[in-house]
Amino acid sequence: MDIAGPMMSEQERRARAVRTVAANARNADDLVELLDMLGLKATDVHPRPGRPQAPRQHNKHLSIAELGELLQHI
């Protein structure tokens, strides 16, 4: 396991925190509440540069970016 620790940028730390919270949230309301408690936003997660985004397939889970877009409208 690679622990980047202090060498990790603040943006990457926040993105990892949001991904971790999203993976453990029970539902969207739980996610919003947990992120708010931590002072995070779903939009803190941005696609990594140079990493191609696969097209979304029907009946698949939402990506973090898609979830962030949905939560902005709440």
Side-chain angles (χ1 to χ4, degrees):
M1 183 171 164
D2 178 28
I3 301 176
M7 302 304 290
M8 192 183 329
S9 70
E10 179 64 21
Q11 182 180 4
E12 182 61 23
R13 257 192 288 269
R14 293 178 72 79
R16 285 185 181 200
V18 170
R19 286 192 294 268
T20 299
V21 171
N24 291 286
R26 290 175 289 175
N27 54 43
D29 292 332
D30 192 33
L31 175 61
V32 170
E33 184 177 352
L34 291 168
L35 291 176
D36 188 48
M37 281 188 236
L38 296 169
L40 298 168
K41 295 182 260 177
T43 56
D44 287 339
V45 177
H46 299 285
R48 293 181 185 148
R51 187 174 179 190
Q53 296 295 314
R56 183 155 179 252
Q57 297 175 0
H58 185 64
N59 292 330
K60 296 290 180 180
H61 297 285
L62 291 174
S63 70
I64 294 294
E66 290 171 317
L67 182 58
E69 285 292 320
L70 289 173
L71 292 176
Q72 284 183 348
H73 301 288
I74 292 179

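We count residues from 1, following the sequence as given.
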J.: Can you name the closest pair of heavy atoms from Asn24 and Thr20 and give their distance?
T.: ND2-O, 2.7 Å

J.: As an exercise, state the distance from CD of Glu12 to CE of Met7, rounded to the nearest 0.5 Å.
T.: 13.5 Å

J.: Of the options Asp30, Val32, Asp36, which is the one that meets Leu34 in a side-chain contact (heavy atoms from CB on, under 4.5 Å)?
T.: Asp30

J.: List the atom of Lys41, the atom of Leu35, and the distance in Å for their closest heavy-atom pair.
T.: C-CD1, 4.2 Å

J.: Decide yes or no for Arg13 and Arg16: does some side-chain heavy atom of the first lie under 4.5 Å from some side-chain heavy atom of the second?
T.: no

J.: Quick one: CG on Leu40 to CZ on Arg19, what's the gap to the nearest 0.5 Å?
T.: 12.0 Å

